[in-house]
Number of protein chains: 4
Amino acid sequence: MSLNTFGHLFRVTTWGESHGPAIGCTVDGCPPGVALSEADLQPWLDRRKPGTSKFTTQRKEPDEVRILSGVFEGKTTGTPIQLMIENTDQRSKDYGEIAQSFRPGHADIAYHQKYGVRDHRGGGRSSARETASRVAAGGVARAVLAALVPGLRITGYMVQMGVKGIDRARFDAAEIEENPFWCPDPVAAKDWAAYLDELRLAHNSVGAVIEVVAEDVPAGLGAPLYGKLDSDLAAAMMSINAVKGVEIGEGMAAASLTGVENADEIRMGPGGPEYLSNHAGGILGGISTGQPVVCRFAVKPTSSILTPRRTVTQAGAEVDLITKGRHDPCVGIRAVPVGEAMMACVLLDHLLLDRGQTGGRRGRIG
Amino acid sequence: MSLNTFGHLFRVTTWGESHGPAIGCTVDGCPPGVALSEADLQPWLDRRKPGTSKFTTQRKEPDEVRILSGVFEGKTTGTPIQLMIENTDQRSKDYGEIAQSFRPGHADIAYHQKYGVRDHRGGGRSSARETASRVAAGGVARAVLAALVPGLRITGYMVQMGVKGIDRARFDAAEIEENPFWCPDPVAAKDWAAYLDELRLAHNSVGAVIEVVAEDVPAGLGAPLYGKLDSDLAAAMMSINAVKGVEIGEGMAAASLTGVENADEIRMGPGGPEYLSNHAGGILGGISTGQPVVCRFAVKPTSSILTPRRTVTQAGAEVDLITKGRHDPCVGIRAVPVGEAMMACVLLDHLLLDRGQTGGRRGRIG
Amino acid sequence: MSLNTFGHLFRVTTWGESHGPAIGCTVDGCPPGVALSEADLQPWLDRRKPGTSKFTTQRKEPDEVRILSGVFEGKTTGTPIQLMIENTDQRSKDYGEIAQSFRPGHADIAYHQKYGVRDHRGGGRSSARETASRVAAGGVARAVLAALVPGLRITGYMVQMGVKGIDRARFDAAEIEENPFWCPDPVAAKDWAAYLDELRLAHNSVGAVIEVVAEDVPAGLGAPLYGKLDSDLAAAMMSINAVKGVEIGEGMAAASLTGVENADEIRMGPGGPEYLSNHAGGILGGISTGQPVVCRFAVKPTSSILTPRRTVTQAGAEVDLITKGRHDPCVGIRAVPVGEAMMACVLLDHLLLDRGQTGGRRGRIG
Amino acid sequence: MSLNTFGHLFRVTTWGESHGPAIGCTVDGCPPGVALSEADLQPWLDRRKPGTSKFTTQRKEPDEVRILSGVFEGKTTGTPIQLMIENTDQRSKDYGEIAQSFRPGHADIAYHQKYGVRDHRGGGRSSARETASRVAAGGVARAVLAALVPGLRITGYMVQMGVKGIDRARFDAAEIEENPFWCPDPVAAKDWAAYLDELRLAHNSVGAVIEVVAEDVPAGLGAPLYGKLDSDLAAAMMSINAVKGVEIGEGMAAASLTGVENADEIRMGPGGPEYLSNHAGGILGGISTGQPVVCRFAVKPTSSILTPRRTVTQAGAEVDLITKGRHDPCVGIRAVPVGEAMMACVLLDHLLLDRGQTGGRRGRIG
């Protein structure tokens, strides 16, 4: 990770501001010979796209991604893939007032303090709009993963909205695509709809917890001690706007367990070692074990709300500020496809790193 | 972060195994002209040192650090600083059995699967022993921070052991050094002693939550969108052995808040903007705001316990394994100085990065 | 340097193929608050632009650069600057035959061997067209250097074309812009015109040596031992298409000197130490001394010529190949602005690195 | 390359000063399972060792390398390999005077200007002594290359000393190990002995040109456009102390060639394409072609000579300085094994990078 780049070998550099002419990213280090077109990327972008329900911002963006380089006759060439998404519905007039005031909970004041200059329109670089580039890059990673590790599956969903969690007993993967919250619990999904409506009408917003699981990940991805798979996942998820916490496996709850409880015991199964539990979230010593990789992250409530909050202006005056504009009452919803994209990028990156260093060499068991 | 290195400009590369002749690290990119000697580093190492109470491993290691390069006549020269700590009490005989079996919860199986070969003695590279190198590097970072940002303070402490948390109403920073748990709540500290004794005698272990706070951090450290201060803190803390979750400010609890609650409102104080709360943990948009930087992480219970756990051998046989040897019943205790060290390294790294890019330029408020 | 990126803090990632829709680059790590617009970049691009004389390719490209991000209200914001140049005159029909044959001296065969797939149109990624992105990035670097180190000057020129060198006694900087070869010797320039015309009409091409000098570079840029200023210049210049050799100061001729001759003796001048010669090319131990930084590089003759050369097809047939199309008879000519751009990027990068690590701290002399 | 590290995946970080207690390096990213012991490294170090003939410094250093980590039971484990070489014959008294004066041609003044503090003893960090670490790392790279690409051979030799070059017609690889200059031309070797003796007795020194050739390098190593194999070789060679120029294939002489001459024509041989010449030095578009990789570099004359040279002191006084001590009259001699080591490291690094990105995928010809 270096300023605006993430990844070691599969490297993604994003660029662009919320209200500039376009946003995008450069994907470098992509393996060659993988089938890829805009049609492979667009469905992922459509999942993140604003304006798809009353629970997301009403900004209208087609989010059409264009591939400007690195693909020839339908295949990746191994050279940098430039992905560009034009901004169309910019409506800068919505954002006049915030040029001078700092919206509480937003990056405005931090950008001002660091750079002395900032593109205040719609949050500029720190807008959640940037995550469209991540989803596009994640689409590339998914296409490559599909070619290299056919069985690998990545699934994201919301497990908590505000104070309301899901009931794991009702977990049904088929439900995830059936509601506007990517919620695997149909009862919770209904409850959340009413809950979020109420918050929205009260000019309020709320946080969420997202879980992303990758199944059939090969054992052996990651490295001691700073190129650990969990370190990179933590950095990747924490780099998403508004994320305040990241967990692997048991996460913070691991603190409450005893060693006897937490040990993921092992037996031999027909295809090799099998674990009787997955407290570890599929990662030991920074390296994947072949168990599902489980990552969760918390998204804070949208800071842009219609309830006035006390703040100051650049000139030092104390004011009360309402953030007008078109905002997500729960920005965590659209973070689901973003979390999936980051998981895809990190896994592919470590897959390439691993075959670089070890050549895919694997110690046998049994 | 790249395999065994962390940091952008202030870069730390650690090396060494638990039972090899020595461990250590190279600290590159250190500013020149800073007073530094072994005596500046040793106190930090002594805090992490094993064998200081019955609640930590009884392995005896003096953990004496030697500076082999990069310091001349008592000052850093700007060239790489090599820090070496010899391993003295290696007692490899303790570890014979685990050469063939995989200890549940340990990295043994993952290393075997990735590399096909592993130094099984005491966990090899994945041993908590590696964290001594981090603490040494953190000592260098602290010396430089003391020179560059005199007021900056970093304090780590334990806020939860197993199911038992502290009472924040009793928080007393002066208590932290007064008990073997770095616990700021004297009542909790007493309670924990009994609790941990019981677990230890039951051949069990337990997890913990550590909080590390940095005060008087300059505003403006960090960068969008992958060189974010919180991303790097998350990666740094998650890279510590046995850490399963990382939080900034409210952390996972941010999910439960509403936007009205979560907004850290701002007023003008005598020295500039002042915040009425710190849900953000001192970071907005990946950039420090001048508020205290607050980071928490969960450490899982020590996996090495005397209670037998089911596992398999390299040959594929199913066995029950007891991990003998000298182990911490709560490895989280010794993670406190490690967390502080990582905070020091990350902050200094971002301080250097920031003055590289912006020259320390700052936008004024008021 | 990592695949398609160069630079440590001031990082440039280029993307795009000769006959794709566009080429461009992302400039990350740029200091904030620097005045910048397309008008600052275009003049540099116009110097490299094809079709400006009969001695360069007749491909017509306006090479209009657009800034898509990172600049707001005429100033850099410190966030990534995306620069895009659309390809307009692509004429792919010129390149049909080379889809199946490998042009001798071109990267075609190496790309095929590495990636198994390649964009053969006009050399794809390995086309000299990519250098337009470098020149655009160099324009950004120059704007920042002008703000940070006002006196610093970078000048490139050609000192040898084929077997014909300049006469240093006739060196006149004012002549450089007065002939199509960026030649500082007006007599040589005339001679070269006739020489190159002859070669061109003989369906041949020729190599060249370019020299780039930076004056008033601050002392102290660079670092031991792999972040050396000369190492990075060598990598930067060698990364330009068709470059086969790089020299600092005396360069390869340093081998012929004795230690007595080569010592750049020092006396005290009014403003500090003054050197009586500059065999070192302004760099000692990888660090700038304040003397002019002198770098030279050799560009091989254009490989695309109308004289048939023996080669093979992808299917393994032996053929004779003529490279039709519009090609520079001496591609070294257009390498002059490219070399200047690389010098600007490397110097700025090291300026930022140095103030990051040392804070611009300088040891006094006298 | 970043300050004191080189390499992308196979990363070497060197540390240590000429007169500190030890020097060494960390080799990270090494493939696991490769047989390695000190006995594999020592022969390479012995070739570079000082004091082996009257033509090299009389400093006596056993240069015994110790492996402190990353190797277990005779095999690399994939974790960082720490290599340490103790300094034994430090004789700091030789260097008293240069604490205050700047030796012309040395890095003393540049280090002072950059860092404000420097270890003046024997050149400190900028001493040629650092190259022992490179040779040790190169030994690791060679062991891995021997395992991964059995046929690959790397050979370095001197082709020019001062004004005296070899006669290529007399090139005999068997002669290289038979004289103290690694000279492949036995007649030149005799001539050089007399020539260098004369220079040495005249209190003078001289430069040299070294050529390093790698044969049976797989096609496909390297990447556009900044991770080029030739860029990385240029950086690697230029990073060696005293190197002022680097060439690939024809090098600077490529400028004098025409396109007709320079084209390396191709025919089909029994095992695939065969080139009729190798002006390119085995690299096209930054990617290896399977031809021998040919790299040359010029080493300036040793700056430490017994002839007085004019210089200044730190206090600004003008003085005449003789550099006493034990110095190589032609430091280029000992640069031969260093150049070989850098070639080995760069090739292995690109081999790992390539199999990371492409999986060793190769386009067929014929």
Side-chain angles (χ1 to χ4, degrees), chain C residues 1 3 6 104-105 107 110 112-114 116 125-126 160 163 204-209 219-220 223-224 226-227 230-231 234-235 238-239 244-248 251-252 254-256 258-260 262-263 265-266 268 273 284-285 287 289 298 300-302 305 307 309-312 316 361 363 366, chain D residues 1 3 6 104-105 107 110 112-114 116 125-126 160 163 204-209 219-220 223-224 226-227 230-231 234-235 238-239 244-248 251-252 254-256 258-260 262-263 265-266 268 273 284-285 287 289 298 300-302 305 307 309-312 316 361 363 366:
Chain C
M1 299 247 173
L3 302 195
F6 70 95
H112 174 70
Q113 285 174 305
K114 183 179 185 74
R125 178 77 182 138
S126 70
Q160 183 184 330
V163 295
N204 209 342
S205 64
V206 78
V209 176
Y226 306 101
D230 36 6
S231 274
M238 194 65 94
S239 78
K244 301 303 286 184
V246 182
E247 303 187 315
I248 302 294
M252 299 305 291
S256 308
T258 67
V260 170
N262 186 59
E265 296 184 301
I266 316 175
M268 285 305 289
L284 287 172
I287 297 171
T289 61
K300 71 179 184 182
T302 313
I305 48 177
T307 303
R309 298 281 82 193
R310 286 175 288 176
T311 189
V312 298
R361 189 174 198 278
Chain D
M1 298 247 174
L3 303 194
F6 71 94
H112 175 71
Q113 286 174 305
K114 182 180 186 75
R125 178 79 182 136
S126 70
Q160 183 184 329
V163 295
N204 209 342
S205 64
V206 78
V209 177
Y226 305 102
D230 37 5
S231 275
M238 194 65 96
S239 78
K244 302 303 286 183
V246 182
E247 303 187 314
I248 302 294
M252 299 305 292
S256 308
T258 66
V260 170
N262 187 61
E265 295 183 301
I266 315 174
M268 284 307 289
L284 287 172
I287 297 170
T289 61
K300 71 178 184 183
T302 313
I305 48 177
T307 303
R309 299 282 80 194
R310 287 174 288 177
T311 188
V312 299
R361 188 176 198 278

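Numbers restart at 1 for each chain; the letters A, B, ... are given by sequence-line order, proteins then strands. Side chains included, hydrogens not; waters and symmetry mates left out as well; all remaining heavy atoms used.
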Heavy-atom pairs under 4.5 Å with chain C are the metric here; pick the option from D:Ala263, D:Gly251, D:Ala234, D:Gly105 that has the most.
D:Gly251

Can you name the side-chain contact (heavy atoms from CB on, under 4.5 Å) partners of D:Thr311, sequence neighbours left out?
C:Ile266, D:Phe102, D:Pro104, D:Val319, D:Leu321

Using a cut-off of under 4.5 Å for heavy-atom pairs, which of D:Gly259, D:Gly285, D:Ala107 has the most such pairs with chain C?
D:Gly259

Side chain to side chain contact (heavy atoms under 4.5 Å, CB included), that's the test. Do D:Met252 and C:Val209 meet it? Break it down for me.
CA-CA 8 Å; D:Met252 299 305 292; C:Val209 176; 4.0 Å; yes

Residue pair C:Ser231 / D:Ala235: nearest heavy atoms and the distance that separates them:
OG-O, 3.1 Å

Among the options D:His112, D:Arg310, D:Arg309, pick out the one with the most heavy-atom pairs lying under 4.5 Å from chain C.
D:Arg310

Working to the nearest 0.5 Å, report the span between CG of C:Leu284 and NZ of D:Lys114.
13.5 Å

Could you check which of D:Ile305, D:Thr307, D:Val206, D:Val246 has the highest count of heavy-atom pairs closer than 4.5 Å to chain C?
D:Val246

Given a strict heavy-atom distance threshold of 4.5 Å, which part of C:Pro273 is in contact with chain D: side chain, backbone, both, or neither?
side chain

Most contacts with chain C, counted as non-hydrogen pairs under 4.5 angstrom, among D:Arg125, D:Met268, D:Glu247
D:Met268

Report the residues that fulfil side-chain contact (heavy atoms from CB on, under 4.5 Å) with D:Ser256, sequence neighbours left out, ordered by chain and then residue number.
C:Gln160, C:Val163

Here the pair of heavy atoms bringing C:Lys300 nearest to D:Asn262 is CD-ND2, 3.6 Å

Sort out for me which of D:Ala208, D:Ala223, D:Ala219 touches chain C most, counting heavy-atom pairs under 4.5 Å.
D:Ala208

